[in-house]
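Written out below as structure tokens is the structure these notes cover.
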Amino acid sequence: MNAPAALFALESPARRMWRRFLRHKLAVASAAFLIVLAVVAWAAPMSERLLGFDAERVDLLARMAPPSLAHPLGTDELGRDLFLRLSYGGQVSMAVALAAALGSAVIGTLFGLLAGYFGGRLDSLLMRLTDGVISLPLLPLLIVLAAIDLEKLGFSAEQAASENVALYRIVVIIALVGWTTVARLVRAETLALKNREFVRAAVALGGSSARIIIRHILPNAISPIIVATTLSVGNIILLESILSFLGMGIQPPIASWGNMLTNAQDLIWTAPALAFWPGMLIFATVIAFNFLGDGLQDALDPRALN
Amino acid sequence: MSRFIAGRLFESLVVLLVMSFVIYGLIGLMPGDPIDEMIAANPRLTSDDIQRLKALYGLDKPLLERYGNWLAAALQGDFGFSRIHARPATEVLMPRLVNTLILMGAATALALLIALPLGIMAAWKPNSAFDYGVNLFCFAGISVPPFWLALLAIILFSVKLGWLPAGGMATVGDGIAGAGGFTDRLRHMILPVGTLALLTAGGFIRFIRASMIQVLRQDFIRTARAKGVGPARVLFGHALRNAVLPFITVLALSFGSLFSGALITETMFSWLGVGKMIFDSVLGNDFNLALVGLLFATLMTLLGNIIADVAYAWVDPRIADTPERARP
């Protein structure tokens, strides 16, 4: 063993991960971009004060205005400031995606742990379910799920008509279909961990299944969960934007990047520029989350040497 | 092998049955019901009439019984009437199915034409500038919002350049030269097929590249190169065959996501396919049509899965003989 290799062997795991992550230039740039994006989006009330008007102010005399000092990115078809609307839309799109990704990570982890640890019939059943959900044409199903009448599910008319219900609904339905990748990865990891000495020792010492799963398997399966969840955030932002664009997701007046494009198709002949920014931001955010996931995979996977 | 296929067919039938129940239940949860539509059309209906109509159509019965009745009719080929089109739902579905298969087939073919050379060349020199560029293209392809890509294509090719039609299946009108002819139809296909192909190619390239890199590391490739076989023959003669075989299953399994992509492409370009039909029927409360559309989309995906499994078993005969539980 030569000298540098010996030095690296002494490096702490966290440092090694950090070093590996930094080597993935695109992932580092993506992380920086996402942080800036989040700061700008959540600073929307301050931007409003700075510009002197709020995101919902309609100005029919300044419709579809080009970028100017008053409107950094111009205005939309109702004369609302595009930059402010994009900021609020970004809050919604990112918050919804993070919540749905966390939800699907929880479901996927639970299924993966149970299937991998207990095996047998439960494993067959859960994996069949996973395969089934993976192979379904998801978008048409999501459209039907988004169209469901909540009153028929026993919610009161008031609850069903409230503005925020579209937010919760989209988080729930995406989490319901988005857990499959995490489930498969966690199951594979659990299968491998189940036969490792430290887990067998815990079994031999009489540890309960619940304790072994939570104390011994879950912490060691955390890397694939983090990677898969990061990668799924991108996908979920895409799904949310598609549904919102089609009018089945987040409903105006709440802005999301997807529903800001709903009118764009009717306006492509008069104002094609309006279609640019919301789509560009979705694209950039999704690709950034994908690069980030890729970089985390390099950093967290101990098998991927160099 | 035939036992394996029979087993998979049976399994898929069970899945289809379960899915038909789930879809039936979900459609029943959509806002309104057929009687509401009748009340809207004829406000003079009394509550007695409504009760009678509900009994007539069996809407007062519990879900399981309604599903049983629907299933019995469906098994005889009766999927009910489409409300929007005022025709039997299957009659609306069939031409749509053909259009979707044309779109998906052409897009898959184009995606393969893009993905095979790019994936192979990227695998030949991993970590080269070319590989890096291809990798960026893949990430872009899987990250771009599909409807936005379609919008940009329309803005560029229809609005700015005026080269291609912005949507539809053929030019409408008898007086226009070439309307509805073969080249006219072809011109209408370019944008939807191109968009769907670009959305699909990224995933294909990543798989082909990874699978080629794996194959190129193997001993028989080294042997071939040591014997003095040229790069082209090594790539296309020796490596490609082995790398492409697992890709067949990926191709068949990508049916579900391809269909989702087709739904957006069809909606954006007014391509009269099953995806747009499902979307329009959900919006228009056309319950029977939405139901039959979703069922056929599921059926096609399940068929895709069976083809994938059979192809895999055909490539690697050990699969069919391995009991389910022992498979990785």
Side-chain angles (χ1 to χ4, degrees), chain A residues 26 119-121 123-124 127-128 131-132 134-153 160 188 191 234-235 237-239 241-242 245-248 257-258 261-262 264-265 268-269 272-273 275-276 278-280 282-291 294, chain B residues 11 15 18-19 22-23 26-33 135-136 139-140 142-152 154-156 158-160 166 253 255-264 267-268 274-275 278-279 282-283 285 290 293-294 297-298 300-302 304-305 308 324-325 328:
Chain A
L26 279 169
R121 291 237 166 133
D123 184 27
S124 299
M127 283 305 111
R128 264 297 111 99
D131 288 346
I134 287 176
S135 67
L136 288 174
L138 283 185
L139 190 55
L141 276 181
L142 282 175
I143 287 176
V144 173
L145 283 171
I148 281 179
D149 186 355
L150 291 178
E151 282 184 54
K152 287 194 183 174
L153 279 179
L191 279 178
N235 256 330
I237 292 180
L238 274 186
L239 274 179
S241 74
I242 291 169
F245 170 76
L246 292 173
M248 321 286 302
W257 289 336
L261 282 164
T262 307
Q265 193 171 17
I268 46 170
W269 300 93
F276 181 73
M280 194 63 214
I282 301 169
F283 183 35
T285 311
V286 174
I287 210 169
F289 271 110
N290 283 337
F291 282 141
D294 206 41
Chain B
E11 233 168 51
V15 174
V18 173
M19 278 312 293
V22 171
I23 294 170
L26 287 178
I27 298 274
L29 287 173
M30 278 173 26
D33 64 40
N135 192 32
L136 279 185
F139 268 98
I142 55 175
S143 306
V144 70
F147 58 92
W148 188 61
L149 186 66
L151 268 181
L152 290 186
I154 295 174
I155 289 173
L156 181 62
S158 306
V159 178
K160 299 273 185 214
L253 281 178
F255 195 95
S257 64
L258 192 61
F259 188 85
S260 295
L263 188 148
I264 303 161
T267 308
M268 296 303 293
V274 182
I278 294 175
F279 179 57
V282 168
L283 282 189
N285 282 351
L294 279 165
T298 313
M300 290 197 289
T301 332
L302 289 174
N305 292 355
E324 184 79 34
R325 226 173 268 167

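Just so it is clear, the model here is predicted, and its values are computed rather than measured. Because only heavy atoms are used, hydrogens play no part in the values below, and waters and symmetry mates are left out as well, while side chains stay in. Residue numbers begin at 1 in each chain, while the letters A, B, ... track the order of the sequences.
Proximity to chain A (any heavy atom under 4.5 Å) is shown, for V144(B), by both the backbone and the side chain. Using a 4.5 Å cut-off between heavy atoms, L246(A) contacts chain B through both its backbone and its side chain. Looking at L283(B), the atoms closer than 4.5 Å to chain A (heavy atoms on both sides) all sit in the side chain, from C-beta outward. A140(B) touches chain A through backbone and side chain together, each having a heavy atom under 4.5 Å away. Of the two parts of L141(A), the backbone and the side chain both hold a non-hydrogen atom closer than 4.5 Å to a non-hydrogen atom of chain B. At a 4.5 Å heavy-atom cutoff, the contact between L263(B) and chain A is made by side-chain atoms alone. In this structure, the portion of M19(B) lying under 4.5 Å from any heavy atom of chain A is its side chain and not its backbone. Only the side chain of F259(B) comes within contact range of chain A, with at least one heavy atom under 4.5 Å from a heavy atom of that chain. Contacts of M248(A) with chain B are made by side-chain atoms alone, with heavy-atom separations under 4.5 Å and no backbone atom involved. Using a 4.5 Å cut-off between heavy atoms, L152(B) does not touch chain A at all.
Your options are F276(A), F283(A), W257(A), and the one with the most heavy-atom pairs under 4.5 Å with chain B is F283(A). For chain B, the option among I242(A), I143(A), L261(A) with the highest count of heavy-atom pairs below 4.5 Å is I242(A). Interface remark: of the candidates G256(B), S257(B), S260(B), S260(B) forms the most heavy-atom pairs closer than 4.5 Å to chain A. Taking S158(B), G275(B), P145(B), G261(B) one by one and counting their heavy-atom pairs under 4.5 Å with chain A, the maximum is reached by P145(B). Looking only at heavy-atom pairs under 4.5 Å with chain A, the residue among I23(B), L26(B), I278(B) that has the most is L26(B). Ranked by non-hydrogen atom pairs under 4.5 Å with chain A, the options L29(B), L151(B), L302(B) are led by L29(B).
Atom CZ of F245(A) and atom OG1 of T267(B) lie 8.5 Å apart (nearest 0.5 Å). To the nearest 0.5 angstrom, L238(A) atom CG is 11.5 Å from W148(B) atom CH2.
For the pair F291(A) and L136(B), the tightest heavy-atom approach, listed with the atom from each and the gap, is CZ-CD2, 3.6 Å.
D294(A) places a side-chain heavy atom less than 4.5 Å from the side chain of F139(B).
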